There are 2 protein chains.
Amino acid sequence: MKLNTKSRYAVMALADMSKFPINNPVSLRDISLRQSISLLYLEQIFLKLKKNEIVKSVRGSNGGYVLKRDPKNIKLSEIFQAVDQKVKTVGCKKDSKKGCNGKSVKCITHELWDELDIYINNFFENKNLSDLLMTKERKN
Amino acid sequence: MKLNTKSRYAVMALADMSKFPINNPVSLRDISLRQSISLLYLEQIFLKLKKNEIVKSVRGSNGGYVLKRDPKNIKLSEIFQAVDQKVKTVGCKKDSKKGCNGKSVKCITHELWDELDIYINNFFENKNLSDLLMTKERKN
DNA sequence: ATATACCCGACTAAAATAGTCAAGTATTAC
DNA sequence: GTAATACTTGACTATTTTAGTCGGGTATAT
């Protein structure tokens with residue numbers, strides 16, 4: 001069970017941006033250098049963040065990306081949803097009528113995974129970008 | 001973010017076993033049929049469960065596997081640890097001195113992932129096999 | 001004996017991941 | 001007005017992980 005780099009980088013990059021004054025465009029190049037993330041990969045990630053209304057872009061020289069809302073109002077769950085279709089999943093689909101493993105009944109552990117889904121989502125629902133900056137000052 | 005089938009099948013298979021009287025060997029063939037999991041794959045999974053002292057094997061005809069302890073005393077966290085090295089992980093290793101992304105300092109979100117690790121582990125720590133059977137009777 | 005059922009290492013197809021590449025377009029600074 | 005910066009987009013690809021399969025065992029009950 002692990003998190004993919006896309007989600008991780010997205011959170012890292014946005015946390016990085018949160019440290020700058022809002023409305024001050026931050027270029028991906030700078031984020032790439034500070035956080036050691038491939039620029040080309042960041043571009044891919046930010047397109048998704050943009051589509052999902054988390055950031056907006058400022059084109060041209062001295063441009064970059066800007067948070068669309070205050071970091072306090074950007075929940076981690078939104079970020080995950082933006083870059084990684086689903087926050088967590090098991091084979092048996094939550095809403096499928098067919099049940100699990102091709103059987104017509106729910107598998108024996110079905111409810112467990114549903115519960116886990118909700119549990120993990122809860123973690124991300126209750127954390128926002130500004131929470132990440134609270135923990136003592138860093139220098140990177 | 002998703003769970004692999006190995007972990008899922010392990011929990012399913014053990015939950016299946018829990019429904020039978022303890023000390024009554026349950027064959028993988030039967031579990032395979034009831035839960036629609038490949039027999040050969042189950043064998044692989046049970047070798048790990050055996051190595052990790054969760055089940056013991058009874059060889060020969062009429063043999064099978066037996067839970068080593070009461071389902072009440074088998075935590076889901078143990079099962080996960082047995083089949084899937086780590087319960088959850090991000091690129092930056094929890095105990096590495098080197099920090100994340102090759103830098104000498106911890107990445108900006110390092111503490112978040114640690115917290116998430118603990119949070120998820122907590123879920124599995126507080127659930128045991130018999131908890132799975134509590135939820136209303138099933139017929140598969 | 002023979003059938004059942006565990007044992008174990010090696011192998012493999014398919015999918016997902018983690019990027020890269022090429023060829024743009026928009027805007028600002030000079 | 002032109003160079004430089006920086007976002008835009010779709011396609012492509014190497015690597016890794018996943019989800020198994022295969023073959024050839026060994027132990028035991030009947």
Side-chain angles (χ1 to χ4, degrees), chain A residues 1-13 17 24-33 35-52 54-68 80 83-86 88-92 100-102, chain B residues 1-13 17 24-33 35-52 54-68 80 83-86 88-92 100-102:
Chain A
M1 196 167 178
K2 68 184 174 201
L3 206 62
N4 57 21
T5 53
K6 240 168 196 159
S7 308
R8 184 157 63 92
Y9 291 167
V11 176
M12 283 175 72
M17 283 179 66
N24 174 40
V26 179
S27 75
L28 293 189
R29 199 182 125 75
D30 288 351
I31 297 177
S32 162
L33 291 171
Q35 304 299 333
S36 310
I37 302 170
S38 145
L39 173 61
L40 291 154
Y41 202 26
L42 271 179
E43 289 185 344
Q44 226 186 78
I45 293 167
F46 270 76
L47 279 181
K48 291 186 181 208
L49 293 175
K50 191 192 168 193
K51 266 188 199 124
N52 284 274
I54 292 168
V55 296
K56 61 186 171 197
S57 64
V58 178
R59 299 182 77 155
S61 166
N62 278 340
Y65 283 95
V66 171
L67 291 175
K68 246 192 150 172
F80 278 82
V83 295
D84 189 339
Q85 308 72 313
K86 43 200 86 168
K88 204 235 42 140
T89 186
V90 210
C92 25
C100 319
N101 278 16
Chain B
M1 197 167 179
K2 67 184 176 202
L3 206 62
N4 56 20
T5 54
K6 241 169 194 156
S7 309
R8 182 158 63 95
Y9 290 167
V11 175
M12 282 175 72
M17 282 178 67
N24 174 43
V26 179
S27 75
L28 293 189
R29 198 183 126 76
D30 287 352
I31 297 177
S32 161
L33 291 171
Q35 304 299 333
S36 310
I37 302 171
S38 144
L39 173 60
L40 291 155
Y41 202 26
L42 271 179
E43 287 185 346
Q44 224 185 81
I45 293 166
F46 271 76
L47 282 180
K48 292 188 178 205
L49 292 175
K50 192 193 168 192
K51 266 189 200 123
N52 284 274
I54 292 168
V55 296
K56 61 187 174 199
S57 64
V58 178
R59 298 181 75 153
S61 167
N62 279 339
Y65 282 95
V66 170
L67 291 175
K68 248 192 148 172
F80 277 83
V83 294
D84 191 340
Q85 307 75 311
K86 41 201 89 168
K88 204 235 41 143
T89 185
V90 211
C92 26
C100 319
N101 278 17

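Owing to the predicted nature of the structure, the values given are computational and were not obtained by experimental measurement. In the text below, chain A, chain B and the rest are named by the order of the sequence lines, each starting its count at 1.
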From the list [options], which nucleotide is the closest neighbour of the side chain of [X]?
{"X": "Ser27(B)", "options": "dA5(C), dT18(D), dG20(D)", "result": "dA5(C)"}
{"X": "Leu28(B)", "options": "dA19(D), dA18(C), dC6(C)", "result": "dC6(C)"}
{"X": "Asn62(A)", "options": "dT20(C), dT28(C), dC6(C)", "result": "dT28(C)"}
{"X": "Lys50(B)", "options": "dC7(C), dC7(D), dG20(D)", "result": "dC7(C)"}
{"X": "Asn4(A)", "options": "dT17(D), dT21(D), dA18(C)", "result": "dA18(C)"}
{"X": "Leu40(A)", "options": "dC21(C), dT8(D), dA19(D)", "result": "dC21(C)"}
{"X": "Tyr9(A)", "options": "dG19(C), dG20(D), dA5(C)", "result": "dG19(C)"}

Using whole Å, what does the distance between atom [atom2] of nucleotide [N] and atom [atom1] of [X] come to?
{"X": "Gln44(B)", "N": "dC11(C)", "atom1": "CD", "atom2": "P", "answer": "14 Å"}
{"X": "Phe46(B)", "N": "dA19(D)", "atom1": "CZ", "atom2": "C1'", "answer": "17 Å"}
{"X": "Lys56(A)", "N": "dA6(D)", "atom1": "NZ", "atom2": "P", "answer": "19 Å"}
{"X": "Tyr41(A)", "N": "dC21(C)", "atom1": "OH", "atom2": "P", "answer": "15 Å"}
{"X": "Asp30(A)", "N": "dT5(D)", "atom1": "CG", "atom2": "P", "answer": "12 Å"}
{"X": "Leu39(B)", "N": "dA19(D)", "atom1": "CG", "atom2": "P", "answer": "18 Å"}
{"X": "Leu3(A)", "N": "dA16(C)", "atom1": "CG", "atom2": "P", "answer": "17 Å"}
{"X": "Leu47(B)", "N": "dC6(C)", "atom1": "CG", "atom2": "C1'", "answer": "8 Å"}

Heavy-atom pair with the smallest gap, counting every atom of [X] and [Y]:
{"X": "Tyr65(A)", "Y": "Met17(A)", "answer": "O-CE, 3.2 Å"}
{"X": "Val66(A)", "Y": "Asn24(A)", "answer": "CG2-C, 4.2 Å"}
{"X": "Ser27(A)", "Y": "Gly63(A)", "answer": "CB-O, 4.0 Å"}
{"X": "Gly64(A)", "Y": "Pro25(A)", "answer": "N-CB, 3.8 Å"}

With heavy-atom distances below 4.5 Å as the criterion, would you say the side chains of Met1(B) and Asn4(A) are in contact? no

Sole residue of Lys50(A), Lys68(A), Lys48(A) in side chain to side chain contact (heavy atoms under 4.5 Å, CB included) with Val55(A): Lys50(A)

Ser32(A) side chain to Ile37(A) main-chain N or O, any donor-acceptor pair under 3.5 Å? yes

Looking only at side-chain N and O atoms, does Thr5(A) come under 4.0 Å of OP1 or OP2 in dA18(C)? yes

Under 4.0 Å between any heavy atoms, over every strand shown, what does Tyr65(A) touch: base, sugar-phosphate, or nothing? Just pick one. sugar-phosphate

Take the angle between the ring planes of Tyr41(B) and Tyr9(B) and call it parallel below 30°, perpendicular above 60°, tilted in between. perpendicular

Between Val58(A) and Ser38(A), who's closer to the 5' end of DNA chain C by nearest nucleotide? Ser38(A)

N/O-N/O pairs, protein side and nucleotides 26-28 of chain D side, under 3.5 Å:
{"from": "dT26(D)", "atom 1": "O2", "to": "Arg59(B)", "atom 2": "NH2", "distance (Å)": "2.5"}
{"from": "dA27(D)", "atom 1": "O4'", "to": "Arg59(B)", "atom 2": "NE", "distance (Å)": "3.1"}
{"from": "dA27(D)", "atom 1": "O4'", "to": "Arg59(B)", "atom 2": "NH2", "distance (Å)": "3.3"}
{"from": "dT28(D)", "atom 1": "O2", "to": "Ser61(B)", "atom 2": "N", "distance (Å)": "3.4"}

Go through the N and O atoms of the side chain of Glu43(A) and the base of dT20(C), and report whether any donor-acceptor pair is under 3.5 Å. no

